[in-house]
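Quick note: numbers below take in every heavy atom, side chains included, and nothing from hydrogens, waters or symmetry partners.
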Amino acid sequence: VERTVTSVHIPSDDMKGRLIGRQGRNIQALEAALGIDIIIDDTPETIILSGYNPVRREVGRRAIEQLLKDGRVHPARIEECVNKATADVESSLKEFGEKAALEIGATGLHPEVVRLMGSLRYRTSYTQNQWEHALEVGFLVGEMAAELKLNVRDAKRAGWLHDIGKAVSHEVEGGHAVIGADILKKYGEKDHIIHAVRAHHDDVKPE
């Protein structure tokens, strides 16, 4: 469930009517601006944001919370709140990506790779937060490389980047290992790092 829906608490059920608007104009404007479905039903003080893109759901959560906070809900205000929430979330993606890169010791990354790694903060797989999972794998692979007297820096980098494909796997056909390797190739990553990412689910034979 965590992969496709986000719950938003609302202070009172009276706000549901405002969010829907006359003849549904507000909810239609929200769904069009966000690109996700908004479910308003009988669940007390809760609305549901539904969609495969976790970043869009986070934008929706922030935009709706801002609308509820100031109480003005109409199409023009909706557009303002969505634009602000989008800018705020984009900034947070960069910050989360930069923080993780700093922790893992990865330098020389393309800004889009940093952004995609930051977006894993809003992605869950098998109940585990993917941003935290990527860091944990990076550190574990680094420990293994140290024991084996291999290049620790490159091992940590490959381990950290291994699931980057999950950042866009809801938008692109194929397995996340192959998708991730293609992303890294596009943005100029080293060949042996790309290979490690592509091979981590045996889509190609590991070397």
Side-chain angles (χ1 to χ4, degrees), residues 1-11 13 15-43 45-98 110-131 133-134 163-176 178-180 182-183 186-187:
V1 170
E2 289 176 341
R3 292 180 66 176
T4 57
V5 303
T6 299
S7 298
V8 181
H9 174 76
I10 58 174
D13 286 339
M15 293 301 297
K16 289 182 178 180
R18 286 200 213 176
L19 283 172
I20 293 169
R22 187 176 299 165
Q23 297 179 326
R25 69 173 191 162
N26 289 344
I27 194 169
Q28 287 170 13
L30 265 169
E31 289 183 331
L34 294 168
I36 56 175
D37 294 323
I38 300 172
I39 301 164
I40 300 178
D41 57 19
D42 296 333
T43 308
E45 298 182 354
T46 302
I47 61 174
I48 301 294
L49 311 183
S50 177
Y52 282 101
N53 188 320
V55 174
R56 285 185 188 171
R57 294 201 313 270
E58 177 64 13
V59 170
R61 184 186 70 77
R62 294 188 188 203
I64 288 169
E65 285 181 351
Q66 184 58 48
L67 284 166
L68 295 173
K69 189 175 178 181
D70 65 25
R72 292 179 295 140
V73 186
H74 53 79
R77 181 62 180 151
I78 286 167
E79 186 177 354
E80 284 177 24
C81 287
V82 169
N83 287 343
K84 183 179 186 308
T86 300
D88 289 347
V89 169
E90 282 297 320
S91 177
S92 77
L93 300 186
K94 185 182 175 201
E95 286 174 15
F96 280 125
E98 288 174 346
H110 189 281
E112 182 61 13
V113 171
V114 174
R115 179 192 170 278
L116 288 172
M117 292 305 292
S119 76
L120 293 177
R121 183 70 181 178
Y122 302 108
R123 177 74 188 246
T124 302
S125 182
Y126 300 108
T127 74
Q128 187 175 24
N129 181 276
Q130 285 300 109
W131 185 84
H133 169 68
D163 272 349
I164 190 172
K166 287 189 176 180
V168 297
S169 59
H170 51 277
E171 300 167 2
V172 182
E173 290 290 327
H176 72 271
V178 174
I179 293 168
D182 289 345
I183 289 169
K186 178 180 177 181
Y187 293 115

Give me the atom names and distance for the closest heavy-atom approach of Val8 to Arg61. CG2-CG, 3.9 Å
Tell me if a side-chain donor or acceptor on Arg115 pairs with a main-chain N or O of Gly97 at a distance below 3.5 Å. no
If only atom types and distance count, is the side chain of Arg56 paired as donor or acceptor with the main-chain N or O of Ile36 below 3.5 Å? no
If you compare all heavy atoms of Asn26 against all heavy atoms of Pro75, which two are closest, and at what distance to 0.1 Å? OD1-CD, 3.4 Å
Below 30° counts as parallel, above 60° as perpendicular, anything between as tilted: where do the rings of His110 and Tyr187 land? tilted
Surrounding CG of Asp42 (heavy atoms of other residues, nucleotides or ligands, distance under 6.0 Å), is the total greater than 12? no
Are any of the side-chain heavy atoms of Leu49 and Ile64 separated by less than 4.5 Å? yes
Is Glu65 salt-bridged to Arg62, going by a charged N under 4.0 Å from an acidic O? no
Take atom NZ of Lys94 as the centre, draw a 6.0 Å sphere, and report whether it contains more than 12 heavy atoms from other residues, nucleotides or ligands. no
NZ of Lys166 to CG of Leu120: how many Å apart, nearest 0.5 Å? 9.0 Å
Can you tell me how far CD1 of Ile48 sits from CZ of Arg57, rounded to the nearest 0.5 angstrom? 10.5 Å
Quick one: do Glu80 and Lys84 make a salt bridge, cutoff under 4.0 Å? no
Any donor-acceptor pair under 3.5 Å linking the side chain of Thr86 with the backbone of Val82? yes
In short, Ile39 meets Ser50 closest at the heavy-atom pair CD1-CB, 4.0 Å
Side chains of His176 and Asp163, heavy atoms from C-beta outward: is any pair under 4.5 Å? yes
Counting only heavy atoms not in Arg77 (residues, nucleotides, ligands), do more than 12 fall under 6.0 Å from its CZ? yes
Flag the pair Ser125 / His133 as yes when at least one side-chain heavy-atom distance between them is below 4.5 Å, and no otherwise. no
Pairwise side-chain contact, Gln28 with Gln23, heavy-atom cut-off 4.5 Å (strictly under): no
Are Gln130 and Pro54 side-chain neighbours, meaning at least one heavy-atom pair lies under 4.5 Å? no
Before you tell me yes or no, could you show the steps for Val172 and Asp182 under side-chain contact (heavy atoms from CB on, under 4.5 Å), namely the whole-Å CA-CA distance, both residues' side-chain angles and the distance that decides it to 0.1 Å? CA-CA 11 Å; Val172 182; Asp182 289 345; over 6 Å; no
Yes or no on side-chain contact (heavy atoms from CB on, under 4.5 Å) for Asn83 and Glu79, after CA distance, side-chain angles and deciding distance? CA-CA 6 Å; Asn83 287 343; Glu79 186 177 354; 3.8 Å; yes
Val73 versus Leu67, closest heavy-atom pair with distance: CG2-O, 4.2 Å
One should read off an interatomic distance between Glu58 CD and Arg121 CZ, to the nearest 0.5 angstrom, of 10.5 Å
Correct closest heavy-atom pair for Ala85 and Ala63 would be CB-N, 3.8 Å
Side-chain heavy-atom pair Ile20, Ile40 within 4.5 angstrom cut-off: yes
Closest non-hydrogen atom pair between Val55 and Ser119, with its separation: CG2-CB, 3.9 Å
Can you check whether Glu45 reaches Asp13 side chain to side chain, under 4.5 Å on heavy atoms? yes
If you define the side chain from C-beta out and look only at heavy atoms, does anything of Leu19 sit under 4.5 Å from Ile38? no
Let me confirm one number: the CG-CZ distance from Asn53 to Arg123, rounded to the nearest 0.5 Å. 9.5 Å
Let me confirm one number: the CG-CG distance from Leu93 to Leu116, rounded to the nearest 0.5 Å. 8.5 Å
